[in-house]
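The structure under discussion appears below in the form of structure tokens.
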Amino acid sequence: MYPRSRWRPRRRRSASLAAGLAVAALVLSAPLAGPAAAAPSDQPGGTSGVLDSAALDRLQQRAADVQTGLQQRQAEVVTAQRELADAQTKVQAAQDVLAGTESVLAQRQEVVARYAVAAYRDGGTFTPMSVLLRGGDPGDALTAMGYLDSVDRHTAGVLAQAEQQRQAALADQRAAQAALDRAKARADDVQQQVDDLEAQARAATDELDRALGVVDSQLAQLQREQVDVNGQTAANWKGYLGQLAAAGVTPPPAAALRNPESSLPAGLVPVAASRGGAQAGAAQMPRRPSSLLVLPAETLTAVSKAMDQLGLPYAPGTAGPGSWACGSLVQSAYAAAGIQLPGDQAALYSVTTPVATADVLPGDLVFLGSDESGLGHVGIALDPQTMLAADARAGAVVVRRLPGDQVIGIGRPSLGRRSPVDAPEPTGGALRVECGNTVYPPSYDGARQWGRYPNGLIPPKAMCPLGEGGHKLRCDAAAAWKAMAAAFARAFGSSMCITDSYRTYASQVTLYGQKPTLAAVPGTSNHGWGLAVDLCGGIERYGTAQYKWMVANAGRFGWLHPTWADPGNGREEPWHWEYAGT
């Protein structure tokens, strides 16, 4: 027989933020001692959430109201400017027609004048007097005189017709000018309304900037606490390894722990499973006051490798050494222990042998998701409450809380692979989630917002520099851009050229004021979320080698060219690229 003791979760503390960040004791209160981790911050890395701020909420509502007003006026601005352009075109056309009729009238008047000169000049064309004086047959005289009357009537008709056409053209010109005056008045009225809204937007921006200064300092404190949590967790792990060594435990290979009910290394006993029997892949050393958890050597190596990556940036499509995606971090950690695994979250779920959620142990893979979005994240468990992961929303490798309501599976790599199964997929039109954040397709035209930060009013501490000028982005987007830029440099031998990145709300207001029909309404631009860049150096032209490279490779790093900016889709912007791993 073996003890029925289990490794149990410690009680969750809830109180102040400081209490939530307190470091747990290495030895658990449950009978089985194990490598408990420090409690992580609610905002891992300080970039995935926003602090509670009533002032920020109020001012954000003001900014939203202004944004709504500008959106409502946007169509009016476009319509008014189109009507103004149409009216100007019609006035010009009417003026051209009028000029043409006046020219025709002048030409016909000149012809009539020449006829008159010829008709009444001696030696000229027949006149009634010349016909009578010449005598001749009376019938011929009458015919000639009738002809002359006809010519005179025709001449008068030609002039009257030309004058009538000129008067009609003049009336059209007056009507077109009146329409132009009305269009100008309407355009001026709409522009005045837009100017008023822009003024409100600038006022809201000033107030928001002051509120964000307070939020930014709080965010900096959270980030410092997260760094402490990461460091304390790593120290706790080293302490656990020290306990094993002090107890004289030589970590057994994974194969030695796969059938604990029949055989285990000397001095070790099984760990009870939640459904009865023994857990495969773990053992314990009985001692007082609590037993010591014994994990396979491969698991200890893998977790230690993952601990060494804490604080490095998250970037999709990367596999170290400078940045990680969630799947590649797991793959690399276990590869260091000699266990070969796939490098993406779906494939890891597909082949990793599952264990009951209640039996989670350090080193197990935690698969997060929901019925709607399917599988959305993978990390490495540290205890029943915490996990280590390359987290997209945090933009870094962090220790974070393990959200029990999102766990859709636990896998234990030390047990070998299972026959592949399908990973849960999104349903009902839901978007895919990768490493903890939504992935938007190129055709998606909604806002790629994150956390609850206002667009264009993101605290500076939540952004990361790109190392190019003063450009900065959300931290995971920045890490992804750097990884992409490094690959670009290897391909072309030159740095990636960038002209624009994060846009503050104030700069969006200014740009909108300059180009209201072209610029996005302030508060809606993806530049304002820190998730878009404008590039140069050849990328700004369709068909170049640099642009083709981006089309072929940007997706590996979470970047895409939105379909609205593709050729023939109305707004052709080859230079504009957006981070989709959000």
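Everything numeric in this text was worked out from a predicted model, so none of it was measured.
- Note that OG1 of Thr438 and CG of Leu431 are 6.0 Å apart. Values are rounded to the nearest 0.5 Å.
- Using a 4.5 Å cut-off on side-chain heavy atoms (C-beta onward), Pro362 and Leu295 make contact.
- Taking CG of Leu531 as the start and OH of Tyr579 as the end, the distance is 8.5 Å to the nearest 0.5 Å.
- For the pair Trp559 and Trp481, the minimum side-chain heavy-atom distance is below 4.5 Å.
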*Given side chain to side chain contact (heavy atoms under 4.5 Å, CB included), test Glu298 with Ser414 step by step and report yes or no.*
CA-CA 7 Å; Glu298 293 89 339; Ser414 65; 5.6 Å; no

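- Formation of a donor-acceptor pair under 3.5 Å by the Tyr240 side chain with backbone atoms of Leu293 is found in this model.
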*Going through the distances and angles, do Asn230 and Gln226 end up as a side-chain hydrogen bond (donor to acceptor under 3.5 Å, both in side chains)?*
CA-CA 6 Å; Asn230 290 346; Gln226 179 68 61; 2.9 Å; yes

_Would Asn259 and Ser262 count as a side-chain hydrogen bond (donor to acceptor under 3.5 Å, both in side chains) here? Give the steps._
CA-CA 6 Å; Asn259 193 5; Ser262 61; 2.6 Å; yes

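- Nearest heavy atoms, Val269 versus Pro286: CG2-CG, 3.6 Å.
- The backbone N or O of Gly320 sits nowhere less than 3.5 Å from a side-chain atom of Ser323 that would complete a donor-acceptor pair.
- Here Thr299 contributes atom OG1 and Ile339 contributes atom CD1; the two are 6.0 Å apart, rounded to the nearest 0.5 Å.
- Using the six-membered ring where Trp is involved, His561 and Trp577 have ring planes that are tilted, between 30° and 60° apart.
- Closest heavy-atom contact between Leu257 and Pro265: CD2-CD, 4.0 Å.
- Closest heavy-atom contact between Leu375 and Ala346: CD2-CA, 3.6 Å.
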*Go through the steps to decide whether Met387 and Leu382 satisfy the test side chain to side chain contact (heavy atoms under 4.5 Å, CB included), and finish with yes or no.*
CA-CA 5 Å; Met387 61 185 280; Leu382 300 177; 5.7 Å; no

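- Summarising the geometry of Pro270 relative to Ala278, their closest heavy-atom pair is CB-CB, 3.5 Å, with the distance given to 0.1 Å.
- Distance check: Leu300 CG to Leu244 CG gives 6.5 Å after rounding to the nearest 0.5 Å.
- Contact check for Met496 versus Met550: side-chain heavy atoms found under the 4.5 Å cut-off.
- For Thr357, the side-chain hydrogen bond (donor to acceptor under 3.5 Å, both in side chains) criterion is met by no residue, not counting sequence neighbours.
- With Asn553 contributing its side chain and Trp549 its backbone, the two residues share a donor-acceptor pair below 3.5 Å.
- Side-chain atoms of Gln279 never come within 3.5 Å of backbone atoms of Val271 as a donor-acceptor pair (strictly under, hydrogens ignored).
- Screening Val355, Leu415, Ile380 for a side-chain contact (heavy atoms from CB on, under 4.5 Å) involving Asp364 leaves a single residue, Val355.
- Side-chain contact between Arg474 and Trp529: absent, with no pair of heavy atoms (C-beta onward) separated by less than 4.5 Å.
- One N or O on the side chain of His527 and one on the backbone of Ser501 form a donor-acceptor pair closer than 3.5 Å.
- The closest donor-acceptor contact from the side chain of Tyr502 to the backbone of Gly456 lies under 3.5 Å.
- Between Val533 and Leu473 there is a side-chain heavy-atom pair separated by less than 4.5 Å.
- Scanning for side-chain hydrogen bond (donor to acceptor under 3.5 Å, both in side chains) contacts around Asp371 gives an empty result, with sequence neighbours left out.
- The CZ atom of Arg400 sits 5.0 Å away from the CG atom of Asp391 when rounded to the nearest 0.5 Å.
- Scanning both residues, Phe557 and Ala487, for their nearest heavy atoms gives CZ-CB, 3.8 Å.
- Residue Gly363 comes nearest to Pro413 through the heavy atom pair O-CD, 3.9 Å, listed as atom of the first residue, atom of the second, then distance.
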*Trp237/Val303 under side chain to side chain contact (heavy atoms under 4.5 Å, CB included): CA gap, chis, key distance, verdict*: CA-CA 9 Å; Trp237 178 257; Val303 176; 3.5 Å; yes

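- Looking only at side-chain heavy atoms (C-beta outward), Asp534 and Arg503 come within less than 4.5 Å of each other.
- Residues Cys475 and Lys461 are not in side-chain contact: their nearest non-hydrogen atoms beyond the backbone lie 4.5 Å or more apart.
- Although no hydrogens or angles enter the test, the distance criterion places a donor-acceptor pair under 3.5 Å between the side chain of Gln309 and the main chain of Lys305.
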*Audit row: Leu292, Gln284, side chain to side chain contact (heavy atoms under 4.5 Å, CB included) steps and yes/no*: CA-CA 5 Å; Leu292 181 63; Gln284 59 182 325; over 6 Å; no

*asked:* Set out, in order, the CA-CA distance, both residues' side-chain angles and the distance that settles side-chain hydrogen bond (donor to acceptor under 3.5 Å, both in side chains) for Thr301 and Ser304, then state yes or no.
replied: CA-CA 5 Å; Thr301 298; Ser304 296; over 6 Å; no

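- Put simply, NE2 on His576 and CD1 on Ile539 are 13.5 Å apart, with the number rounded to the nearest 0.5 Å.
- Each side-chain hydrogen bond (donor to acceptor under 3.5 Å, both in side chains) pair with one or both residues in residues 332-347, not counting sequence neighbours, appears once here: Gln345-Glu434.
- Using a 4.5 Å heavy-atom cutoff, the side chains of Leu402 and Thr386 are not in contact.
- Side chain of Arg412 to main chain of Thr353: no donor-acceptor pair is present (N/O by atom type, distance under 3.5 Å, no hydrogens or angles).
- At distances below 3.5 Å, at least one donor-acceptor pair connects side-chain atoms of Ser328 with backbone N or O atoms of Ala325.
- When atom types are taken as modelled, the side chain of Ser350 and the backbone of Val421 share a donor-acceptor pair closer than 3.5 angstrom.
- Note that Arg556 lies outside the cation-pi zone of Phe488, set by a 6.0 Å cut-off to the ring centre and a 45° limit from the axis.
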